[in-house]
Amino acid sequence: MYEPLTERSAIELAERLRLFPEDASLSCREIGDGNLNLVFHIVNTKDGHGIIIKQALPYAKVVGESWPLTLKRAIIESQALRTFASYVPEYVPKVYYSDESLSITVMEDLSHLQIARKGLIEGKTFPLLSEHIGEYVAKTLFYTSDFGMNQQQKKQLAQQFTNPELCKITEDLVFTDPFFDHDTNHFETELRQDVEKLWSDDVLKREVAKLKRTFLTKGDALVHGDLHTGSIFASETETKVIDPEFAFYGPFGFDLGQFFANLLLNALSRNEQDRLPLFSHVEKTWEVFARTFSELWETKSEEVYAKADGFLEDVLRETFTEAIGFAGCEIIRRTIGLAHVADLDTIEPFQRRLDAKRHALRLGRELIVHRSTMKTMNEIKRFFEKTSLVNN
Ligand SMILES: Nc1ncnc2c1ncn2[C@@H]1O[C@H](COP(=O)(O)OP(=O)(O)O)[C@@H](O)[C@H]1O
Ligand SMILES: CSC[C@H]1O[C@H](OP(=O)(O)O)[C@H](O)[C@@H]1O
């Protein structure tokens with residue numbers, strides 16, 4: 001049954017599904033710019049109305065057929081979008097249709113918005129981004145956790161979202177390969193000395209090992225699993241989170257950590273005077289997350305220990321520490337691992353790019369190693385400045 005779609009067969013599929021009026025005149029373009037999947041944008045040229053058909057390939061697009069990858073990720077993605085929509089419909093695209101045998105999700109066209117990473121690289125700030133993402137993360141985590149849903153149902157949901165192949169990608173590419181001399185890594189020859197220093201840093205490795213263990217074992221809630229700024233569409237007023245094919249039952253701090261890291265990666269690409277909006281986004285995301293999660297905990301939790309003195313504070317503290325450590329791993333892997341980010345890779349001139357990447361490696365390390373002693377999110381700015389010192 002499965003066959004990769006073409007622009008022609010994607011239009012035929014849209015017609016068969018009757019997603020447009022009978023007299024529509026459809027055009028289609030494959031616009032996928034991610035690492036893994038095909039994305040078809042189909043538009044009715046008569047009224048400009050569009051839809052998106054996303055299809056998984058049986059391999060990782062960025063590497064090719066030599067890296068086979070489960071098609072099951074498409075059904076995980078459509079089910080995750082639907083699950084998240086039940087808690088935060090305003091922050092996810094509508095799913096119109098999905099088909100497991102074709103590995104497709106047909107969804108709302110968000111082309112009126114811009115991928116946040118692209119906008120941030122252009123210097124935009126998206127004023128509501130952190131407020132929206134803080135609320136999105138708080139609600140999706142709380143409502144899918146043992147605090148916000150029936151604990152028996154949670155176990156069933158966790159089973160449904162068992163996602164071993166995609167988790168393995170993260171275990172390798174985020175938590176392992178960048179910290180060893182592995183052939184998936186790639187980086188500028190000029191960074192070799194800095195990278196080798198990292199590979200021989202036993203203090204760092206011990207801390208990354210603990211973070212990897214947390215990722216492997218801690219099933220707090222249904223996490224998005226790949227919440228970087230390329231997975232977020234935004235405008236001045238709207239925010240939508242796409243691409244949850246890495247969703248699984250993971251630690252509370254994971255999505256926050258990925259998001260913080262990608263904000264900081266953008267800050268690393270900017271001149272000093274233009275970084276403040278990114279630090280503000282990090283602080284605001286945490287503030288909104290902690291406030292929303294606490295309100296839900298106090299008003300909606302059915303867990304008897306939710307009322308235990310200090311328990312909420314303990315959970316928030318643990319989430320905060322995890323998020324900072326995960327952010328450090330994500331910063332390092334996006335600098336020297338397999339999957340880079342345009343924020344760093346497009347910095348010109350070359351010397352400035354190298355400086356920013358060295359800064360990224362120092363910042364990532366400090367966040368990982370000192371995560372337990374950090375008390376407030378505004379300390380991230382202090383670490384950022386401390387690690388920018390040229391003679392560091
Ligand atoms: N709902 C959507 N509306 C408009 N464009 C989309 C939508 N979903 C994805 N895209 C486009 O396709 C690109 C790749 O999508 P993404 O889900 O990130 O794919 P991958 O899983 O391969 O990373 C996005 O960067 C965006 O340009
Ligand atoms: C071989 S997958 C590499 C990388 O790609 C994923 O991101 P995306 O699908 O959003 O481009 C994920 O971050 C993986 O770690």
Relative to each other, are the rings of [X] and [Y] parallel, tilted or perpendicular (30° and 60° limits)?
X    : Y    : result
W286 : F320 : perpendicular
F175 : F215 : tilted
F252 : F293 : perpendicular
Y136 : Y91  : perpendicular

Holding to side-chain contact (heavy atoms from CB on, under 4.5 Å), I want the full list of residues that pass it with [X], two or more places apart in sequence or in another chain.
X    : answer
E348 : R353
H41  : I31, V43, I52, D109, S111
D23  : P21, K46
R18  : E22

Taking all non-hydrogen atoms of both residues, which atom of [X] and which atom of [Y] are closest, and how far apart?
X    : Y    : result
L69  : R73  : O-NH1, 3.5 Å
S388 : H359 : CB-CE1, 3.1 Å
L222 : A247 : CD1-CB, 4.2 Å

Between [X] and [Y], is any side-chain donor less than 3.5 angstrom from a side-chain acceptor?
X    : Y    : answer
N37  : E245 : yes
Q351 : D355 : yes
S25  : T45  : yes
E302 : Q151 : no
E330 : H228 : no

Can you tell whether the side chains of [X] and [Y] come within less than 4.0 Å, N to carboxylate O?
X    : Y    : value
R206 : D202 : no
R117 : D33  : no
E385 : K381 : yes
E295 : R291 : no
R192 : E196 : yes
D345 : K357 : yes
K210 : E207 : yes
K168 : E165 : no

Would one find more than 12 heavy atoms of other residues, nucleotides or ligands at under 6.0 Å from atom [atom1] of [X]?
X    : atom1 : answer
Q159 : CD    : no
K300 : NZ    : no
R29  : CZ    : no

(request) Starting at OG1 of T144, measure out to CZ of F142 and round the result to the nearest 0.5 Å. (result) 10.0 Å
(request) Assess K205 against F180: is NZ or CZ under 6.0 Å from the centre of the six-membered ring, and within 45 degrees of the ring's axis? (result) yes
Output side-chain donor-acceptor pairs under 3.5 Å for residues 83-90, partner residues at least two apart or in another chain, one line each.
unit_1	atom_1	unit_2	atom_2	d
T83	OG1	Q79	O	2.7
S86	OG	T83	O	2.5

(request) Evaluate side-chain contact (heavy atoms from CB on, under 4.5 Å) for T229 paired with N266, printing each intermediate quantity in order. (result) CA-CA 9 Å; T229 47; N266 185 266; over 6 Å; no
(request) Show your reasoning for whether side-chain contact (heavy atoms from CB on, under 4.5 Å) applies to L264 and I331. (result) CA-CA 8 Å; L264 293 171; I331 289 174; 4.0 Å; yes
(request) Please list all pairs passing the salt bridge (Lys or Arg N to Asp or Glu O under 4.0 Å) test where one or both residues lie in residues 136-150, with sequence neighbours left out. (result) E135-K139, D146-K154
